Trainee: 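Before I ask anything, here is the structure I am working with.
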2 protein chains.
Amino acid sequence: MSDLDRVLARVDADFEAALERWTDFLRIPSISTDPAHNADTRRAAQWLAEQLRELGFDASVRDTPGHPMVVAHHPGPGGDAPHLLYYGHYDVQPPDPVEEWDSGPFEPTIVEGPHGRRMVARGAVDDKGQLMTFVEAFRAWQAEHGTLPVQVTAFFEGEEESGSPSLKPFLEQHKQELGADVCVISDTGSWDVETPALTTQLRGLLYTELVVDAPDHDLHSGLYGGAVPNPLNALGRILGQLHDDQGRIAIPGFYDAVVEPDEATRAKWQALDFDADAFLQGVGVDAAGGEQDRGVLEKIWARPTCDVNGMLGGYTGTGAKTVLPARASAKISFRLVPDQDPEAAAEQFRAYLHGIVPAGCSWELIVHHGAPAIRVPTDSPYLRAAREALENAYGREALLIGCGGSIPVVGVMKEVLGIDSLLMGFGLADDRMHSPNEKFEVRCFENGIKSHVALLDRMARGVGT
Amino acid sequence: MSDLDRVLARVDADFEAALERWTDFLRIPSISTDPAHNADTRRAAQWLAEQLRELGFDASVRDTPGHPMVVAHHPGPGGDAPHLLYYGHYDVQPPDPVEEWDSGPFEPTIVEGPHGRRMVARGAVDDKGQLMTFVEAFRAWQAEHGTLPVQVTAFFEGEEESGSPSLKPFLEQHKQELGADVCVISDTGSWDVETPALTTQLRGLLYTELVVDAPDHDLHSGLYGGAVPNPLNALGRILGQLHDDQGRIAIPGFYDAVVEPDEATRAKWQALDFDADAFLQGVGVDAAGGEQDRGVLEKIWARPTCDVNGMLGGYTGTGAKTVLPARASAKISFRLVPDQDPEAAAEQFRAYLHGIVPAGCSWELIVHHGAPAIRVPTDSPYLRAAREALENAYGREALLIGCGGSIPVVGVMKEVLGIDSLLMGFGLADDRMHSPNEKFEVRCFENGIKSHVALLDRMARGVGT
């Protein structure tokens, strides 16, 4: 039996225990965006560091101005072995609306689905399940061979869901320690449950909050309505002017920096077996939104968006209250594509608002965080190694795909450490990331571990040219 | 000393006790629109009935499918005395946002202000303080003369702030019992603290709720944004199309039934000493909203409106959450003017929505309640009696004014009992009805009691022709 096959057999033998470890990790409500859970977020970091110590890593929890980083080093076999930097995030999205979960968001539950068993919990796939695919791969290698076949640094942050404010400063301060040949990230998707994929394009993100005020206190809508500006009416008017009739974002200059995908890429995407109707029906809608002259896949992978994520103002309780409220607010985020710059986009939005906020209203635009879109080089020996590892685990060729989501760390790794990233992920489109009843297929978890086991092997054999 | 002067002296002597009784009434959190306060709402009805029994009324609390009615009869002196029906409501608006109150909304507090003492509590003016002006007038007459100078029926409902669903059926069932010559209501305003007024025009009201859905669960805005309809974007787009660039309501046909005030009325309003800038600055805005080609007073008294009263959807907590939410909703109410019909306006709105809700979204329009605008006849002996009573109490002529708010009972009284209403109120523009820190000036409360004492006297002397 080859070295690789022995490790894969170890994965099988130890699999139920791996599920238990994943479950323990999921129980910790590490919600980074909510200060009430700061202690839980730290606890998740400590749990990960302890796991890695068991596997022969020199692991530590490093404080930052925000949530701590986990930094762990394994020397590997020494000599000329490549040095891989694995990245993940141990924080999760808020679980609300909690009442829509079938089981507790932090009470991990395995249920049966069309693909066999699935784990249901907040963070099941994003990102705890996915990062455990390589932690378990390390465990299996270490258990079988007493070491890893390459030099490995594992690096985890706890702020990915809240804009990663501490990430760049930390990487800059620890540039020497964290240098490696390439970064490996599991936070994206497969093409489907049987077909693996590498993601080569990610959208960027700009997250803002708009607050509109008019009267200095809530007013009676009879005594003042029609003469005093209503911030909710104003906010509605503003939101209604963010897009034109064709679904295009109406902010002047917004599309100027957009670079369309090249012909080869568009042809590849066209050739993918994508059923747009089924995709939309899968989330309960019968017509697409957005730009009317573009296909669904192209819109998600290569076009920018403007989405209202939250809206609040006035009386929202039971029944009626004829109030003309003092304040209205909306959380508005933009997905960006190459080569849009988040700061420039924010300024374009701000300039547009100056022109469209109705008279009599005051307003404030808060920019929470931003990150540009990413294109990952496809003519890379690391990418070829990843494709071979995936084909080994799945028995099927890996597709090269885009992704509508954003993983800002990829840009930061390139900018600060000068390294590219391999986006080798195992999620599925229906995993309900950021939604109630988030899940990760146990089959995908298993394929993920085995793909990472194979990647370590392929990297150890040398990536050549 | 005349009969009238003796009663006015009694009012002065008993005034501090009247403030105590008013305070007791204000302590009861009779929030009709919130079922959690049903017992409190009933308790307020019982308190009122007990007050009236002390004053020689045959008073009872009458159950309805909703909150109870209070019906109380005083035979008066007998003979040919006119029969007056007094109306008020013992329910109050919800107090939120509670954190913006300086004192508890149901912990009535007297503080000093520019006009002397003022009572601060939810319901201080709307409507408990105002209805107590005539209940205290009854008390003073009864205490001084052992009877009232006219036949009086006092009728109070507990659902005015939630659309009065039980009102019309109850009046229809008790038409005989509640018949009278004229209805007297204190739920409107003076012109200012020194100048009394009678309100001769009220706006109508149509209260709706719009719910927009698209995906069947909250989605990740990266994985779906730009291709799946976003109900918050859609709601923003809809709200943005409710008005045109000139501030006019954009619903087709909405203004068709609107009747402009006649020349005489417009001239009267023009002659009023109204400072529009001060009015707007008083609520912290420096520019008017609404139709750009109309003055402030005209807009509030004689033009219809469309106001968003509440808006809710998506993630509204601390920080960022990149969700594409499943549902968005808004509470949208319209103030109506003569001769708009609430049902017709609702259908116009519904028809407009059919055309503007974006593809891929489903929606529902809930119509909570509606009432048409009211014009009160000015050439009436009752109105002349009220003017004289106000002049007696204030030492100054009463103005005839409009009101931007709605008091649907006026239309119901006319329709079911065939009687007109006298809108003799004592509120001020800065009383913060429906807002935190609602107040009623003690001076206005006192003037109100004395105006009602004088009205009873004037009515007893015969209203003639």
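Atom set for the values below is all heavy atoms of this structure, side chains included, hydrogens, waters and symmetry mates excluded. A, B, ... follow the sequence lines: proteins, then strands. Residue 1 opens every chain. Keep in mind that what you see is a predicted model, and the values were worked out from it rather than measured.
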Trainee: Between A/G163, A/A214, A/A359, which residue shows the highest count of heavy-atom pairs closer than 4.5 Å to chain B?
Mentor: A/A214
Trainee: Do you know which of B/G360, B/C306, B/A429, B/P304 has the most heavy-atom pairs under 4.5 Å to chain A?
Mentor: B/G360
Trainee: Only pairs of heavy atoms separated by less than 4.5 Å count here; which of B/S362, B/G282, B/G240 has the most with chain A?
Mentor: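 Ranked by contacts with chain A, first place is B/G240.
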Trainee: Under 4.5 Å heavy-atom distance to chain A, tell me which part of B/P358 shows up: side chain, backbone, both or neither.
Mentor: neither
Trainee: Taking C-beta and beyond as the side chain, do A/L324 and B/N309 meet within less than 4.5 Å on heavy atoms?
Mentor: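 Sidechains of B/N309 and A/L324: no contact.
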Trainee: So what's closer than 4.5 Å to chain A heavy atoms on B/E291: side chain, backbone, both or neither?
Mentor: backbone
Trainee: Is any NZ, NE, NH1 or NH2 atom of the basic residue among A/D245 and B/R237 found under 4.0 Å from an Asp or Glu carboxylate oxygen of the other?
Mentor: yes
Trainee: Between B/L280 and chain A, which part of the residue has a heavy atom less than 4.5 Å away: side chain, backbone, both or neither?
Mentor: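 Just its side chain gets close to chain A.
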Trainee: Less than 4.5 Å to any heavy atom of chain A: does that hold for the side chain of B/L235, its backbone, both, or neither?
Mentor: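 The side chain, not the backbone.
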Trainee: By a 4.5 Å heavy-atom criterion (distance strictly below it), what part of B/L202 contacts chain A: side chain, backbone, both, or neither?
Mentor: neither
Trainee: Please classify the contact between A/D34 and chain B as side chain, backbone, both or neither, with a heavy-atom cut-off of under 4.5 Å.
Mentor: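 Contact with chain B: none, neither part.
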Trainee: With side chains defined as the heavy atoms from C-beta onward, is the minimum distance between A/L239 and B/N233 less than 4.5 Å?
Mentor: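 No. Closest side-chain heavy atoms not under 4.5 Å.
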Trainee: Select one option (side chain, backbone, both, neither) describing which atoms of B/R335 are under 4.5 Å from chain A's heavy atoms.
Mentor: side chain
Trainee: Below 4.5 Å from any heavy atom of chain A, which atoms of B/C361 appear? Answer side chain, backbone, both or neither.
Mentor: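 No part of B/C361 comes within 4.5 Å of chain A.
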Trainee: Output the option from B/M433, B/H217, B/H243, B/Q241 having the highest count of non-hydrogen pairs under 4.5 Å with chain A.
Mentor: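 Of the options given, most contacts go to B/H217.
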Trainee: Check whether A/L205 gets within reach of chain B through its side chain, its backbone, both or neither, counting any heavy atom under 4.5 Å.
Mentor: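 For A/L205, side-chain heavy atoms alone lie under 4.5 Å from chain B.
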Trainee: Taking every heavy-atom pair that is under 4.5 Å apart, which of B/G225, B/A288, B/G290 has the most such pairs with chain A?
Mentor: B/G225
Trainee: Out of A/P436, A/S406, A/G222, return the one with the most heavy atom pairs under 4.5 angstrom to chain B.
Mentor: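 The candidate making the most pairs under 4.5 Å is A/G222.
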Trainee: Is there a donor-acceptor pair under 3.5 Å between the side chain of A/R303 and the backbone N or O of B/G226?
Mentor: no
Trainee: Provide the closest heavy-atom pair for A/I300 versus B/A227 in the form atom of the first, atom of the second, distance.
Mentor: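 Smallest heavy-atom distance, with atoms named: CG1-CB, 3.7 Å.
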Trainee: Looking at B/G314, B/G189, B/G310, which one has more heavy-atom pairs under 4.5 Å with chain A than the rest?
Mentor: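 The answer is B/G310.
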Trainee: Check the surroundings of atom CZ in A/R327: do more than 12 heavy atoms from other residues, nucleotides or ligands lie under 6.0 Å from it?
Mentor: no
Trainee: Of the non-hydrogen atoms in A/S333 and B/S221, which two are nearest, and what is the gap between them?
Mentor: OG-OG, 4.3 Å
Trainee: Specify which of B/T305, B/I249, B/N230, B/D307 makes the most heavy-atom pairs with chain A at under 4.5 Å.
Mentor: B/D307
Trainee: Which atoms form the tightest heavy-atom contact between B/G289 and A/P229, and what is the distance?
Mentor: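 Between these two residues, the closest heavy atoms are N-CD, 3.5 Å.
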